[in-house]
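In what follows, a structure is listed as structure tokens, so that the remarks can point back to it.
Proteins come first, then strands; the chains are lettered A, B, ... in the order of their sequence lines, and each starts at number 1.
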There are 2 protein chains.
Amino acid sequence: MRTNPERRQALIDAAIEVLAREGARGLTFRAVDTQAKVPTGTASNYFSSRDDLLTQAGGRIYERLTPSDGTLASVHEGARDAARLKELMHEVVGRVSAFPTGFLALLELRLEATRRPELRAVLTQRIKADVDFNVSNHRESGLPGDDTSVKLLMLAFNWLILERLTLPDLYDEEEVHRIVEEAVDRVI
Amino acid sequence: MRTNPERRQALIDAAIEVLAREGARGLTFRAVDTQAKVPTGTASNYFSSRDDLLTQAGGRIYERLTPSDGTLASVHEGARDAARLKELMHEVVGRVSAFPTGFLALLELRLEATRRPELRAVLTQRIKADVDFNVSNHRESGLPGDDTSVKLLMLAFNWLILERLTLPDLYDEEEVHRIVEEAVDRVI
DNA sequence: AACTTAGTACTACAGACGGAGTGGTGTCAA
DNA sequence: TTGACACCACTCCGTCTGTAGTACTAAGTT
């Protein structure tokens with residue numbers, strides 16, 4: 001078992017790309033090697049099994065989807081009204097959409113979690129933490145809306161992003177914009 | 001190319017089960033044969049390619065997810081208020097959740113559509129029709145809420161069902177119930 | 001400076017698996 | 001008798017895993 005941390009990370013990031021592109025079944029050691037442009041057999045040396053690789057990828061995606069400190073700080077800037085909340089929501093939807101492979105890979109993992117209890121546990125914990133994070137973040141921001149607002153917005157926007165990424169012709173740019181605005185208005 | 005229609009349909013239904021259980025990559029002629037309990041090679045004789053099978057399955061799922069005439073008629077019964085709408089929404093969420101393989105298979109297909117333009121076109125069209133169907137259905141029902149309400153509820157509930165089916169421990173029964181109620185209240 | 005050694009990168013190969021496709025045989029009904 | 005289909009068996013092919021073995025590099029030792 002090799003330990004070089006940069007290489008390990010590069011392999012996990014490659015695994016995320018493969019997940020998004022080829023699906024969970026397509027995630028093989030060989031495919032990861034190719035994606036990461038390392039010699040055949042390398043991934044084999046770094047991960048004990050496919051399960052291992054899968055769960056580590058599950059953890060890593062969340063690291064990469066987490067907003068930077070900069071965007072996090074900006075939440076506390078500006079007015080404390082619905083208009084500001086809308087701005088922030090547009091930013092979130094944009095940011096997640098901008099890392100499509102991450103979102104798609106996460107979906108693949110969710111589907112795979114149907115079959116793998118261990119992965120399911122990891123994801124459940126991660127996502128629960130993410131919900132709590134968003135709720136408490138919103139609370140202390142002083143922006144309008146309560147805990148339920150946050151949850152409802154998360155539900156709606158997640159599916160909205162899913163629509164955009166899998167069937168881009170379903171909703172156009174303006175429609176998405178409009179939906180985000182309406183959602184915020186109605187939910188708070 | 002064989003033509004026996006019952007057999008063909010049985011094979012497509014088997015393909016949906018395989019899709020949900022094994023993912024899009026796991027959808028092979030052999031797997032479908034096994035699922036449908038027909039001899040090896042049968043699916044091969046009925047479909048010209050995997051693509052063919054995939055797109056036909058995409059069409060079929062929607063036939064099966066469409067509500068029965070009975071439930072459709074019941075929309076027009078009872079009061080025209082938020083309470084009745086909530087009831088109906090609980091019914092929808094319940095009905096879709098009750099056919100998990102269909103929902104999961106559809107997700108697999110959406111992800112596969114990322115890679116297959118032809119499948120993407122089929123799904124886009126189907127889902128657009130579904131949205132329109134729900135919107136117009138709601139309009140003539142006289143229930144509270146406008147077109148945007150319907151779209152927002154569809155977005156939120158779709159992701160809610162996704163959560164329930166892929167990570168059942170995330171939201172418990174009561175939480176789901178509460179979210180449905182709150183969503184209706186706020187969105188109309 | 002030469003030598004040793006540990007950790008890692010890389011290569012190559014063996015074994016196994018599973019899927020596709022197809023040809024052939026059996027069966028039944030028109 | 002003939003045609004359509006069900007069923008079965010067999011071969012070819014691609015790909016995956018696991019690992020053994022070699023080459024490299026850098027740090028420590030004398």
task: Using a cut-off of strictly less than 4.0 Å, decide whether Asn4(A) has a side-chain nitrogen or oxygen near OP1 or OP2 of dA9(C).
output: yes
message: What is the distance, to the nearest angstrom, from the CD atom on Glu6(B) to the C1' atom on dA4(D)?
response: 15 Å
task: For the residue pair His177(A) and His90(A), categorise the inter-ring angle as parallel (less than 30°), tilted (30 to 60°) or perpendicular (more than 60°).
output: parallel
Which nucleotide in dC16(D), dA9(C), dA20(C) has an atom nearest any side-chain atom of Arg7(A): dA9(C)
- request: To the nearest Å, give me how far apart NZ (Lys37(B)) and P (dA6(D)) are.
  value: 18 Å
- request: Answer whether the closest heavy-atom distance between the side chains of Glu175(A) and Lys151(B) falls below 4.5 Å.
  value: yes
- prompt: Would you say Ser44(B) reaches dA20(C)'s phosphate, i.e. side-chain N/O to OP1/OP2 under 4.0 Å?
  reply: no
- prompt: Rounded to whole angstrom units, what separation is found between the CG atom of Asp52(A) and the C1' atom of dT17(D)?
  reply: 15 Å
- prompt: Given that Ser49(B) and Thr42(A) both sit by DNA chain C, which one's nearest nucleotide is further toward the 5' end?
  reply: Thr42(A)
query: Salt-bridged, Glu174(A) to Arg178(A), with N to O below 4.0 Å?
result: no
- prompt: dT22(D) P sits how many Å from Asn45(A) CG, rounded?
  reply: 16 Å
query: Hey, is the side chain of Tyr46(A) poking within less than 4.0 Å of OP1 or OP2 on dA9(C), counting only N and O atoms?
result: yes
Nucleotide dG18(C), atom C1' - distance to CG of Asp33(B) in whole Å: 13 Å
- request: Please state how far atom CZ in Phe29(B) lies from atom C1' in dG19(C), giving the value in whole angstrom units.
  value: 10 Å
query: Between Glu182(A) and Arg186(A), is there a side-chain N and carboxylate O pair less than 4.0 Å apart?
result: yes
- request: Give a yes/no on whether any side-chain N or O of Thr28(B) is located under 4.0 angstrom from OP1 or OP2 of dG19(C).
  value: yes
message: Nearest heavy atom decides the nucleotide; on that basis, is Arg2(B) or Pro39(A) closer to the 5' end of DNA chain C?
response: Pro39(A)
- request: Could you tell me the separation between the CG atom of Leu27(A) and the C1' atom of dC16(D), rounded to a whole number of Å?
  value: 13 Å
message: What's Phe47(A) touching, base or sugar-phosphate or nothing? Going by heavy atoms closer than 4.0 Å.
response: nothing
- line: Taken to the nearest whole Å, CD/Glu22(B) to P/dG18(C) is 12 Å
message: Checking side-chain polar atoms at under 3.5 Å, does Thr71(A) have a donor or acceptor matched by the opposite partner on Ser68(A)?
response: yes
field: Any Arg30(A) side-chain nitrogen or oxygen under 4.0 Å from OP1 or OP2 of dG18(D)
entry: no
